[in-house]
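Everything on this sheet refers to the single structure shown next.
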Amino acid sequence: MKFLRTFFSPFTWRLAYRDAKPQWKSLLLYTSAVIAGVAALVAILSFRNDVLLTVDDQSRELLGADLEFQSSQTYPDPVNAFIDSIGGSNASLIEFNSMVQFLSTGDTRLSQIRAVDGPFPFYGTIETVPATAAEEYQSTNSVLLEQSTMRQFNISVGDSVQIGQLTLPISGELRSVPGESAAFSLVGPRVYMSASLLEESGLLQRGSRVEYKEYLMLDDPASADRLADEFRPLGREHSVRTETVAEEKEDYDEIVNNLSKFLGLIAFIALLLGGLGVASAVYVYIRRKTNAVATLRCLGMTSKQIISAFTLQIGMMGLTGAAIGTIIGLVLQSYLPLLFIEFLPFDIVQSISVPAILLGLFLGVTISVGFSILPLIGISSISPMLTLKSTEFSPLKNLSSLAKWSTITIMFTIVLILITYIIESFLAALFFSGGLIVSIALLWGTALLLMKAVKGLRLKSFSYVWRQGTANLFRPNNQTPMLLTTLGMGMLLIGTLYLSQEMLLDRISLQSNEDLPNIVLYDIQTDQNSGVNEIINQQGGAILQNVPIISMRLNSWKGRSVGDVRSDTTVNLSGWALRREYRVTYRDSLVESETLLEGEWIGEADGINSVVPISVAEQIKDDLDLAIGDSLSFNVQGVNVNTVIASFRDVDFQRPQPNFFILFPTNVLENAPQFFATIVRTDTDEQAYTIQQEIVSDYPNISAIDLSIALQSVQEFLDKISMAIQFMALFSIITGLIVLASSISISRKQRTRESVLLRTLGAIKSQVTRIQTIEYVLLGLLATLTGLLLAFAASWSLAYFYFDLAFVPDVTAMLVLSLVIILAATLIGWTGSRHIFKKSPIDVLRSEVG
Amino acid sequence: MLQSCSLKQIVQMDNFILEVNQLRKTFNSGSKELTVLKHISFNIESGTSCAIVGPSGSGKTTLLGLCAGLDQPSDGSVTLKGRNISSMDESDLSEVRNRQIGFVFQSFQLITTLTALENVMVPIELRGTPYREVEKKAIKLLNEVGLGDRLDHYPNQLSGGEQQRVGIARAFIHQPDILFADEPTGNLDGETGAQIEQLLFELNEKQGTTLVIVTHDKTLAEKCDRIIELKNGRILTDSLAGNGIPNPVEATVAE
């Protein structure tokens, strides 16, 4: 209470104002370290607000209807009856992947085929060029093709495509579909056609993965949730799912919230580093004020009054810095959608978010003041005796350990509370804060080690300018460790992100590995198999695997019917694992991607009527709560097959080949209806291209995945995602540069004095400039090294422990980034020091005397 | 100006503003203990001026700090106007410094970010006195010290002598009972120093403040009613200015 009274006393405010008035620019610079972090946070939170508002506003367009039904098989009669009973308008859509050949160029692409019957979408429009194509394609038996694909292959409206047995004209370029972002096309170009053409196309064969969707526009849209609830039991029974506008909106909200929390955390790192920068600057500031504080104590001011006055100054400047950051954040808000444009299925409607602004201001002030607590309470250790005896006094050193640790605990608690608020989870906040502290501690330790190494270098053989430039890093009151930590953190974040992304791509890259395939063909019917193999052999391709695939569903689990199990609330099994259509194969041996973990692999059974010993992938063992000896029965195209779990395997699903949850032995399924998947290795891209072209020509229903193209798509996708993350991480680097500018300002007098003394002793201007340049270049170099060393360590750990790869860092990219940071540091240093030649030596020396 | 009287007579008077009794101060210097002041005792009468002299390292500044309540003794006591300030808490000490004590420093110790006027106003603004009243007083005092036209100047815009004038104005504005001056002319040239000295004594006489000056300057010391000479942490002589009579009390105190 007493402190509050002191804090709000008029004299405290007057003194704070008077003292700040002549040096407000310096004070603002000290607290400007929070600007970048606040800007990033306000931008992200405002963007989040915009997206949520837009989702709210356009939620019906996201679904395109009031209610959606979805299943991987055709709807049984009870379901159709239910849908028919609802009334309103409906449209159906059949979705699957298939090869499409562009006849004008001969190229083929695995595409997402959408066969539509009815006026879908009911809300929003499919945007096409020309605009009328979206209305006409069904009636004119033409297709809409992805605009980006048409541009890529130089295809025009009017050209034709081969889809299955059909040759169809393209009536429009597909620009956007309600509820789908442009990133969808990375999976494969979207093709819209009339559902009436499907049968003729011959595309829907055994093994095709198809989604059947039914869209309804209700007479009373508000009844959608009620209808979905009513349908649920029937849906569960027949594996038909529903989606309402509210559920769609909820899904989007969750995605947006999670994304903004993640990006918000990265932005918060910048803010935290800013706090460290402020703390460091305030420490030097208080130290400089030792004399003034001691004098004020002599005049009768209490420590509390002095602390209050300085706290007020820091708070006000923090507020100003936060306000500047908020304004920048609001400007950034309008550009952020560009980062996510590929992933957003709508145009963002932007608005000012008052909560985001208030939070930005609050965070800026809290971080500024919170991180200044330790140097501020150091004021209480400044004795009035220092007016009579001037000694080298460090306010912090004279604080008790209890005071120091209590303050640090309070600071940590403040950070924890703020992070909890941002990500809405205390536990996650605790882990994140802990990780952050560990990272900062590691960075600080690395910085100190590097400084020690530099200090220990015997530079006697170097010229004076080099020795002086290096020594400047260690001048009294230097903030070198702080600078290396803040700049290093930005380098660590961006470096680790970039190196991890490269590793992820390497992990799935096949180009360098001779043994891995580059084409996967599937949906090959039994009577097509030999023909396909012949084409491959003729073109010089090597067939690595030719795998039969049979579709089946679970009939019973441990003697109980699946329906019974699903309705039993005491049995906690994964609904997905119970409901799904299993694609299994049969062989007499395990392959390279499989490792036996438990039980015995039996390669041959006693026929389909026996109890077949099967092997189950470890990955679904818990989903179905299975153990060796448990029984499962499968419906194989109408035939019941009883099985027993004979073994569990570990399957490397990351390998680009058919991998299976369930593996049958031979002598069971040979006569069952099946299709084939073939994985092929070619020596050249031309071979791969030719093989795909010939196969699709002869067998249009067969799908081919060109793994090099798939890799390219993944790369593109990762690039887009990582750009957003790297953009946020950039704010850490910006914070580091601001802290550098602040540090240069703090040591301005010192630098001027040094320069003047050198000039008095006979140094010429260019020598003084070179000394400073060496100092700043070294600073930037050490900072990048600090972050890079840890980025390499983190990436190596990922490579070794997780990706199981040899770590080969992209040195060129890291060098370029390092050079940018060194250059930026040098430029800022020069800019901040340009004044030192303006002062004449006599002015400086005279001002020393007082 | 100054009436000489016997030390015995002074000692016998009971109008003492400052009473120092068996004062001792030790510091830790590495692993050793350094005793800077050894059993110092003296009293100062209200309204008089007293110079504390001695070579460097004799303990003058330490003694000044203890008498002014800027530091705590290791042993002994300091009583200011009947209150034992050596055992006061910081809060009470602040009040004493604000209301009863004034300071003039060798290096002026002006707040560099406040103007001359603002520097002078600080002591009574701290008391919550209305701004206008404080400002009026401060302007008057700055006029008295000859800086009426430099009110809005910052310390770095003033010469050494001018800064010390501001320091003196600040020391007197709240009409302290006792004023401590630590080498007030130490950083000034002869002529300026003389002007400052004159100013100091004029204001002191005008306000009737007790003046305690630490100084190397013999001339300045001789202007005071009393000179206490320290050596090696002890009182060597305690005499009236100009007489140099050793304090008979010291003979029994000295070891």
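Predicted model, so just to flag it, every value in this text is computed and none were measured.
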Atom pair [atom1] ([X]) and [atom2] ([Y]), whose distance is rounded to the nearest 0.5 Å:
X: A:T302; Y: B:D92; atom1: OG1; atom2: CG; answer: 12.0 Å
X: B:L110; Y: A:N291; atom1: CG; atom2: CG; answer: 10.5 Å
X: B:D182; Y: A:T387; atom1: CG; atom2: OG1; answer: 8.0 Å

With a 4.5 Å cut-off on heavy-atom pairs, point out which of A:S383, A:P22, A:A292 contacts chain B the most. A:P22
Of all of A:M301, A:K21, A:K304, which one pairs up most often with chain B through heavy atoms under 4.5 Å apart? A:M301
Using 4.0 Å as the upper bound for N to carboxylate O, is an ion pair formed by B:E125 and A:R18? yes
Give the minimum heavy-atom separation between [X] and [Y], together with the two atoms involved.
X: A:L299; Y: B:L126; result: O-CD1, 3.6 Å
X: B:L114; Y: A:D19; result: CD2-N, 3.9 Å
X: A:C298; Y: B:F105; result: SG-CZ, 3.7 Å
X: A:M385; Y: B:L70; result: CG-O, 3.5 Å

Residue B:F180 versus chain A: region with a heavy atom under 4.5 Å: neither
Just checking B:F27: does its CZ atom have more than 12 heavy atoms from other residues, nucleotides or ligands closer to it than 6.0 angstrom? yes
Within 6.0 Å of NZ in B:K81, more than 12 heavy atoms from elsewhere: no
Partner chain A: residue of B:Q109, B:Q106, B:R170, B:E118 with the largest heavy-atom pair count (under 4.5 Å): B:Q109
I would like to know whether B:V122 and A:F11 meet side chain to side chain contact (heavy atoms under 4.5 Å, CB included); could you show each step before the answer? CA-CA 9 Å; B:V122 170; A:F11 178 66; 4.2 Å; yes
Does any heavy atom of chain B fall under 4.5 Å from the side chain of A:R297, the backbone, both, or neither of them? both
